[in-house]
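Naming: A, B, ... by sequence-line order, numbering from 1 per chain. Being a predicted model, the structure only gives us computed values, none of them experimental.
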Amino acid sequence: MNGLLVLPVAIPLITATLALLFRKSSQLQRWIGVLGMVALLGAVLVLFRDVHNDGIQVLQLGNWAAPFGITLVADMLAMLMLGISAIMGVIIGIYSIFDIDRERERFGYYPLLHILIMGVNGSFLTGDIFNLYVWFEVMLIASFTLLALGNSKNQLQGALKYVFINLFSSLIFLFGVALLYGMTGTLNMADLAVRLPQVENTGLVTTVAMIFLVSFGIKSAIFPLFFWLPASYHTPPVAISAIFGGLLTKVGVYALIRVFTLLFTDASVHNDYLHHILLWVGGFTMVIGVLGAASHMEFRKILSFHIVSQIGYMIMGLAFNTAMGLMGAIFYVLHNILAKSNLFLISGIAQRLLGTFELKKMGGLYKHYPFLAVLFLISAFALAGFPPLSGFWAKLSLVKAGLSLELYVITGVAILVGLLTLFSMTKIWLTAFWGTVPEEVPGHFGKLPLFGAGKLYILVIPVMIIAGMIILVGLNAQPFLELCMTAAEQLLDTSVYIEAVLGPQ
Amino acid sequence: MKSLILHTATRLMIGVLVLFSLFLFFRGHDEPGGGFIGGLVGAGAFTLYAIAFGTEATRKVLRIHPITLIAYGLLSLVVSGLIPMFMAEPFLTGKWLFIEWGAFDTKLSTPLLFDIGVYLCVVGFIVTVIFSLEEE
Amino acid sequence: MDTILPILAGTIFATGIYLLLRRSLILTIIGIILISNSVNLALFSLGRLSTENPPLIKAGSLEPLAPFANPLPQALILTAIVIGFGLLAFALALAYRSYRELGTVDQDELLKDAEDTSAAIVPKNDFKDGGDV
């Protein structure tokens with residue numbers, strides 16, 4: 001029992017409540033927002049120490065014993081995800097101070113942002129499959145509102161696609177939960193892991209596994225269920241785009257990793273289609289995403305397609321189903337959240353300076369803002385997987401895992417997609433940064449310094465922090481890779497998880 | 001809506017409805033009832049008032065902004081969960097305080113506080129929705 | 001009942017899917033509502049139907065009168081219904097806003113590509129006075 005385990009959920013709830021109480025004052029809300037995120041980060045670090053030293057931490061809410069009550073479980077994977085979510089919270093909290101307009105602040109942007117973080121953290125921590133559904137819904141309703149807040153034409157269009165596909169995916173998820181309950185009579189994930197291998201009708205177990213794959217697949221935008229993502233993620237303000245693109249799709253990936261390592265293992269699903277399907281899906285997701293990005297000329301749309309492409313790598317790591325593969329997938333998730341959010345944030349600064357996201361109307365950023373160009377280069381190279389940045393280690397471990405399984409084709413595809421990623425990044429670099437200054441630019445372009453009167457530094461400092469972290473993780477990858485390895489080993493040995501929740505068997 | 005019958009009936013009904021919602025709320029302690037259903041009935045009272053006299057008058061009667069009501073409800077929920085944590089028990093554990101006054105003994109508990117939170121949230125949520133629909 | 005309910009749930013689900021594929025936004029929403037109800041029905045029937053005592057503990061005793069019905073599926077459905085209610089209210093409001101802004105409920109018309117995505121970004125200040133952040 002570790003009572004602190006509830007804090008990653010409780011702190012955002014408290015912050016949201018306070019922000020709601022003081023919703024009249026923008027100033028106060030911003031400070032409450034940043035402070036709440038910092039407090040969350042602190043709590044996560046304390047928990048991280050516990051998990052690192054003493055192994056998996058468990059909390060039975062309300063003192064109701066598992067498998068009857070709701071259980072919160074923090075293993076290393078959950079902790080790593082919580083850590084990155086708290087870091088992103090702080091970053092977005094600061095970035096929002098400048099980026100979010102008065103109108104959105106008045107209509108509850110900050111409470112919604114914290115509720116969103118609460119939903120994300122709850123999904124990472126919960127040890128109960130129905131509870132996972134509830135946290136997904138908490139996250140969804142907050143994200144729906146954040147996406148539609150503002151009511152501009154293209155935002156409404158984006159929101160329509162996003163809302164209906166996600167509503168549908170939640171209902172499929174609920175149906176899967178219903179089938180699981182009908183088969184086993186339990187909803188606690190550890191208890192499910194014990195009982196699913198004993199179910200005689202293995203065909204039904206496979207069916208449920210596929211239902212979960214479709215549902216979480218929609219949420220994490222895998223091939224062929226990704227089309228809603230590039231159609232909606234480029235419409236809201238940049239701070240929201242960044243947290244959606246960075247964090248939200250990865251919650252779907254987390255759920256996939258969790259159910260396919262804990263519930264639908266080789267012991268419960270008695271055929272090997274499952275990992276073949278994941279492998280194919282991962283490969284197609286990578287290729288289609290990167291091709292989509294190559295064909296677009298809008299800053300945030302390119303980035304949105306790259307989200308899809310990167311999800312493919314994570315699914316590939318999951319499909320390998322070895323410690324090395326899972327480690328690569330987890331490291332990839334962490335690295336990708338940093339790099340991708342940072343690129344979104346940079347696109348926001350570029351838009352502030354040039355007044356558009358259309359690459360054809362952009363140019364001259366390198367000439368007038370070389371520092372911003374350096375920040376972009378760091379994130380773009382990290383995304384493409386250049387040594388010694390964080391993306392290199394992520395791709396290296398995935399490639400190594402693929403080669404050790406002698407899956408040469410998919411490994412080759414992964415490397416090729418990395419090159420194509422570089423092509424898209426080069427496209428942005430050549431037009432927006434190296435291109436000539438376009439004729440129509442806002443009056444302040446070139447005159448306004450990044451650090452000075454315009455207070456642009458509120459946007460630049462979060463970007464600098466993430467860029468610094470990308471370099472840090474890249475140059476000093478060993479401890480991070482070891483943490484991911486611990487997480488992967490915990491995932492593969494389900495008995496540790498089961499014992500932590502249900503007690504010695 | 002201008003209707004003498006509705007106006008007169010609403011004036012009489014609103015008190016009864018609020019009382020009934022409180023009855024349901026307290027009954028939920030040991031028997032069917034509780035914060036959710038009580039809150040729905042309470043919200044029904046204010047909805048009726050809004051239909052009869054308009055949203056402006058209802059805002060005045062309610063005195064407190066419905067969104068603030070939600071905020072207080074959430075605060076109450078969080079506090080009820082956090083109290084046991086200060087006694088080194090898991091979040092949301094039920095904690096009880098028995099006060100004996102002689103004639104009526106009182107049971108105060110964190111589930112009661114939680115239910116108050118649910119009640120406030122439900123009333124605040126429904127009234128917010130009704131107000132936005134009426135004012136559209 | 002054990003056979004009727006699953007068939008009913010399946011039929012409603014299929015109807016929902018059919019409506020979901022129509023072009024009118026309103027029909028799509030009704031489709032989602034139907035699917036949501038059919039999933040709740042499925043959850044209910046998968047929890048096993050039985051005619052037993054209500055799972056309530058009478059004053060003075062410590063456990064409900066055996067044999068009592070399984071209360072868990074009902075609790076799950078109640079949660080799912082409340083969540084579904086909130087989400088559908090949002091979907092309806094969104095559809096209404098879209099109709100007001102874009103003047104149609106035909107999805108082909110609604111989802112025609114928007115031109116400039118920068119419209120969502122409202123500047124908080126115009127950089128002249130050093131900002132009011």
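Note that the CG atom of C:Leu94 and the CZ atom of A:Phe164 stand 6.5 Å from one another [nearest 0.5 Å]. Atoms CG and CG, from A:Leu174 and C:Asn40 in turn, are 6.5 Å apart once rounded to the nearest 0.5 Å. Remark: A:Leu156 CG to C:Tyr99 OH distance equals 14.5 Å, nearest 0.5 Å. C:Glu101 CD to A:Gln157 CD: the interatomic distance, rounded to the nearest 0.5 Å, is 11.0 Å. Taken to the nearest 0.5 Å, the OG atom of C:Ser38 stands 8.0 Å off from the CG atom of A:Leu171.
Put simply, the side chain of C:Arg48 gets close to the backbone of A:Gly182: a donor and an acceptor are under 3.5 Å apart.
A 4.5 Å side-chain heavy-atom check between C:Ile17 and A:Phe168 finds at least one atom pair inside the cut-off. Looking at heavy atoms from C-beta onward, A:Phe175 lies out of side-chain contact with C:Ile35 at the 4.5 angstrom threshold.
Heavy-atom distances place both the backbone and the side chain of C:Leu87 under 4.5 Å from chain A. For C:Leu41, no part sits under 4.5 Å from any heavy atom of chain A, backbone or side chain.
Crowding of C:Phe85 atom CZ: a count of heavy atoms from other residues, nucleotides or ligands under 6.0 Å not exceeding 12. For A:Phe227, the CZ atom is densely surrounded, since the number of other residues' heavy atoms within 6.0 Å is greater than 12.
The choice from C:Leu43, C:Thr79, C:Leu88, C:Leu76 that makes the most heavy-atom pairs within less than 4.5 Å of chain A is C:Leu76. Most heavy-atom pairs under 4.5 Å with chain C: of the set A:Val134, A:Leu140, A:Ile141, this distinction falls to A:Ile141. Contact tally against chain A (heavy-atom pairs below 4.5 Å) for C:Ile29, C:Thr28, C:Leu25, C:Ile32: the top residue is C:Ile32. Ranking A:Leu187, A:Val177, A:Thr145, A:Ile172 against chain C, the residue ahead of the rest is A:Thr145, based on heavy-atom pairs under 4.5 Å.
Residues C:Phe90 and A:Ala148 share a closest heavy-atom pair of CZ-CB, 4.1 Å.
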